[in-house]
Amino acid sequence: MEFDLKTIEALAPDQASLSAASKLTKQSNWPRLEKNQQLALIWGECQGSGSNPYRVVFDTGDHGYKCTCPSRKFPCKHTLALMWIAATAPASFAAAGSTPEWVNDWLGRRKKAASPPVATTPGAGGKSIGEAAHDDERADIEDAAAVERREAAQRKRAEDTRSSVSAGLDELDQWIADQLRLGLAGFVDNSSDRCRRIAARLVDMKATALAGRIDEIPSRLMALRSEERPDAAIRELGKLVLLAKAWRSAPDDPELRRLVSTSESREQVLASPDATQVESAWEVLGEKIESRRDGLVSHSTWLLDLNSATSQFALLLDFFPASAGRRSNAFTSGDRFEARLVFYPARHPLRALVADRKGDIASGDWPDFSFSISDPLADHGARQDTAPWIADSPVMLPPGAILLDDRGAAWWQAAGDPHGIALPIAGTINPTLLGLNLAATAALWNGGRLDLLAAQSGFGRLDLS
Amino acid sequence: MNEIELTGLAAMRDCWITGGTAFDLAPAAWKAIAANANPDERERRLLAIAAQALDIALRPAGPKALKRRPPLPELAMPMLPERQRPLLRAALKHAADARFKTRVATLVASRGFVLHPMDWMPAASYQEIPDVYAPWVDWQAGVDGEKQSRREQLTVETWDDFYPAARRTALADMRRTAPALARQLIEAKGSSEPAEIRSALIELMGVGLSADDAPFLKSLFADRSGRVRELAGRLLARLGEHGNPGDGGTEDPTAELAAFFAEGKSGFLRRRTTYTPIRLKSPAQEARRGDLFATCYLRDLAAHFGKTESDFLGAWQFGVDDNADLFLIRMVSVSGGEAAVAHLADTLVAEGGKPALLVLHLMARLDSGRKRALIRQILKDTYDLHALNQVEGVEAGWLEWDDLTNGQTLPALHSAIAGNDEPLKRSADQILETLGFLATAATAEKLIGDVVAAGMAPAAPSLGLLRLNASLAGPGIDT
């Protein structure tokens with residue numbers, strides 16, 4: 001398993017990668033570092049800039065590697081950092097008897113190199129580990145005047161952005177009024193073109209997040225039956241009005257800024273005094289990976305707090321370019337672990353970052369949550385009271401079952417209440433679900449459909465995402 | 001939301017759908033909020049109120065009639081432990097089709113566990129699944145009503161309380177332990193079932209078939225279903241009875257079939273009778289011979305030459321005409337007596353090589369021991385390891401390490417794994433999957449180590465079933 005720093009130098013694509021890797025060699029960046037001597041493998045989880053940690057595996061035998069980050073440099077800085085730690089502090093790696101499933105998955109798909117790795121590559125010239133290690137120190141030396149200039153420029157940029165977004169929202173207001181005047185029937189039919197046009201304008205006016213949301217309206221409408229679309233259009237456009245009004249009254253509100261223009265960086269969230277921190281046991285309920293019209297892929301991982309008396313959720317949200325290809329999942333549905341999560345400041349904190357991931361814990365049943373039997377969407381209603389612009393809400397449904405209507409569409413209905421509230425389910429379901437009594441069901445409610453995530457049943461945990 | 005607001009919302013909604021100004025249609029309370037603004041702003045404010053009303057105050061109207069399926073029954077075996085499920089899912093993912101997935105379920109059932117219903121469900125049409133899944137097959141078949149898959153005794157009285165799959169399983173069990181009782185049940189209740197189910201019931205008579213069944217089988221010649229009559233005839237032929245009561249025709253198909261073979265002698269000292277297929281002159285002749293093989297019975301053909309079934313088969317010259325060999329084997333499979341089937345299987349397996357592979361066509365009639373003997377022979381010969389995939393109805397988890405080292409199987413696998421021939425590698429993958437089904441847990445573990453040492457990736461998907469097998473190492477498994 002031994003290899004030296006020269007090998008890392010040789011494999012690095014450029015000096016910048018080495019410099020970036022040197023910053024990631026701190027133990028605190030790596031909640032998990034493991035090795036399997038027999039298979040000549042080292043792997044780890046590195047907390048990168050995204051919500052989810054990146055999973056990195058390196059074959060010390062043939063120098064094959066895999067990282068879940070979207071970087072187009074090969075190997076990426078995470079892989080280089082993992083190798084660097086292995087070369088300089090091999091004791092940091094805990095010996096593991098078996099390999100995790102994601103490592104097995106990679107091993108199963110890769111083709112072993114026929115020949116042993118080469119010692120050096122022509123591209124190795126001009127790169128230096130020693131120089132990379134000193135980059136950090138140089139970066140720390142910045143004079144006070146430069147800092148002042150940088151901050152002033154930042155303030156100016158923020159002011160410009162605010163003015164631009166405000167103008168963009170004026171255009172949006174006019175656009176919404178136009179849709180009502182022209183008729184929502186026509187809007188539903190041409191929503192793709194119309195939304196694309198206003199979204200493009202909003203991107204120009206720096207309301208990027210809002211543009212992304214508007215771009216997704218057509219696909220949300222088309223997922224519904226035609227008779228439901230006008231009501232859905234009213235819901236979607238009405239929430240845009242509310243969001244625009246809320247932003248105008250408090251443009252510096254972090255939640256509203258995130259929904260309209262841009263999101264805070266990971267470092268800003270971690271440093272924010274308003275960010276709620278929750279240290280608890282979490283279960284991965286499921287993941288939703290959606291390709292968006294703006295060319296990004298949104299990767300949502302939903303977590304459930306297992307130590308809370310009421311159902312509390314957390315959302316790890318990442319975006320990456322669709323052109324970067326399919327990414328491996330950071331978590332597997334059903335995974336349980338102890339972690340400290342930092343929530344993005346919001347009226348109902350939901351989006352979070354994993355600040356400190358601790359060990360995995362054993363699987364089991366969910367806690368007994370206190371359910372609202374009379375209105376399973378009560379939590380959704382409560383969120384709407386204070387943040388009416390929210391489109392999707394996670395809900396924990398009481399005991400119930402999945403039933404079919406005459407058209408073969410699936411509905412969730414509470415147990416023991418055949419005439420009570422029934423909620424339509426998005427997409428198709430596994431027919432086996434129709435025979436299972438669900439003790440509790442975690443799902444996302446978008447105002448028109450339930451998107452199932454996971455459930456507890458007499459047959460144990462069900463992965464429904 | 002009150003009635004006035006509901007009516008107002010509906011009117012505003014209709015107005016916006018066609019296009020226009022909805023302010024005048026809004027409920028008074030909403031108008032008050034929206035007033036004091038320009039016309040566009042008024043409409044936007046009303047839109048925001050309407051959006052929240054739709055989201056909060058209204059709930060989707062569920063249809064009046066929602067259909068509920070009966071609860072999925074629990075099975076008689078425990079569920080596969082949670083920590084084995086990733087291995088199981090990997091094995092199922094790699095299994096190419098329903099047959100291979102069923103093999104995974106069969107292997108797991110042989111170790112005393114059933115699969116989670118969200119991982120695998122048998123289709124209602126599956127026949128070759130472990131009996132323990134019969135309640136799920138019935139559930140899949142969607143039989144309505146309050147029937148349960150009973151574990152009680154199947155009798156004339158409880159017949160209607162069993163779903164078809166559970167009944168089939170119970171009858172097959174009964175044919176093994178109390179064949180007369182099962183026959184009486186089929187006799188009493190079968191006639192009221194549709195032809196498709198009736199023929200499936202008659203097929204079950206093949207289990208534990210004996211001379212006692214002959215009178216009932218003969219009575220089936222009056223059945224209105226041609227399929228049932230044909231089945232009864234074959235079963236009678238297996239008992240050495242005249243299966244076909246004759247269709248009134250003057251031509252004798254057995255004699256016509258016999259004319260396709262030449263009777264001869266071989267040997268210098270002890271002259272032995274031989275039967276050799278004659279060379280055919282046209283495809284039409286070939287087709288006619290195939291039809292005759294499919295409709296005639298072995299006993300009649302042997303009797304035409306004045307031989308017993310076993311003597312006739314002993315005199316048959318295998319290897320002269322492959323098609324004729326194949327048709328004959330199929331004929332033996334459907335109408336040969338037990339002794340003839342056993343004799344033929346033993347002879348061909350002992351011969352090994354290509355002839356042994358013909359025994360694959362007798363699989364439905366072979367007992368467990370002979371099936372194992374065939375597999376061992378295929379592994380020993382290494383003539384066509386692919387033939388392993390054609391072995392059906394064989395038990396899971398019995399193949400020992402010695403069975404693999406007895407021939408050239410392991411060297412053949414090593415060479416395929418180490419080489420660069422992609423088709424050969426794929427072939428090795430399929431063989432490993434089949435061995436994953438057949439091997440004992442200890443053999444599976446050893447085989448994984450062996451092929452990994454030969455260069456296969458430790459986590460190769462084709463090792464999925466072997467890994468699952470090895471993890472289910474007998475009674476000590478942690479549930």
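Just so you know, these numbers use all the heavy atoms, side chains as well, and skip hydrogens, waters and symmetry mates. Predicted model, so just to flag it, every value in this text is computed and none were measured. Labels below follow one simple rule: chain letters A, B, ... track the order of the sequence lines, proteins then strands, and each chain is numbered from 1.
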For A:L240, is it the side chain, the backbone, both, or neither that has a heavy atom closer than 4.5 Å to a heavy atom of chain B? neither

Among A:A422, A:P230, A:G447, A:P388, the residue with the most heavy-atom pairs under 4.5 Å to chain B is A:P388

Kindly check if the number of other-residue, nucleotide or ligand heavy atoms within 6.0 Å of CG (B:N38) is above 12? yes

Winner by heavy-atom pair count (cut-off under 4.5 Å) against chain A, out of B:P71, B:A53, B:A65, B:A90: B:P71

Please give me the minimum heavy-atom distance between A:T432 and B:M121, naming the atom from each residue. OG1-CG, 3.2 Å

Which answer fits B:R85, side chain, backbone, both or neither, if we ask what part of it has an atom under 4.5 Å from a heavy atom of chain A? side chain

What part of B:T21 is in contact with chain A, defined as an atom under 4.5 angstrom from a non-hydrogen atom: side chain, backbone, both or neither? neither

Need one label for B:A50: side chain, backbone, both or neither, based on atoms under 4.5 Å from any heavy atom in chain A. both

Heavy-atom pairs under 4.5 Å with chain A: which of B:A460, B:S462, B:P117 has the most? B:P117

At their closest point, which heavy atom of A:G381 faces which heavy atom of B:I56, and how far apart are they? CA-CD1, 3.7 Å

Result for side-chain contact (heavy atoms from CB on, under 4.5 Å) between A:I234 and one of B:D55, B:L46, B:L54, B:L9 points to B:L54

Within residues 172-179 of chain A, contacts to chain B at heavy-atom distances under 4.5 Å involve A:D173, A:Q174, A:I176, A:A177

How long is the gap from CG on A:L404 to CZ on B:R69, to the nearest 0.5 Å? 8.5 Å

Looking at A:D463 and B:M118, what are the two nearest heavy atoms and their distance? O-CE, 4.4 Å

Sort out for me which of A:G238, A:A401, A:G334 touches chain B most, counting heavy-atom pairs under 4.5 Å. A:G238

Of all of B:E43, B:E41, B:R44, which one pairs up most often with chain A through heavy atoms under 4.5 Å apart? B:R44

I'd like to know which of A:R235, A:R461, A:Q413, A:E228 tops the heavy-atom pair count under 4.5 Å against chain B. A:R235

Under 4.5 Å from a heavy atom of chain B, the part of A:S363 involved: side chain

Using a cut-off of 6.0 Å, state whether more than 12 heavy atoms not belonging to B:N2 lie near its atom CG. yes

Minimum heavy-atom separation for A:D405 to B:P63, with atom names? CB-CG, 3.5 Å

What verdict does the side-chain contact (heavy atoms from CB on, under 4.5 Å) test give for B:H116 and A:L462, after you've listed the backbone C-alpha separation in whole Å, the side-chain angles of each residue and the deciding distance to 0.1 Å? CA-CA 10 Å; B:H116 194 285; A:L462 308 176; 3.4 Å; yes

Which bit of A:N430 comes within less than 4.5 Å of chain B, counting heavy atoms only: side chain, backbone, both or neither? side chain

Locate the shortest heavy-atom distance separating A:F459 from B:P73; write the atom from each residue and the value. CZ-O, 3.9 Å

Are A:L434 and B:K67 packed together at the side-chain level, in the sense that at least one heavy-atom pair is separated by less than 4.5 angstrom? no

The interface call for B:L66 against chain A, heavy-atom contacts under 4.5 Å, is both

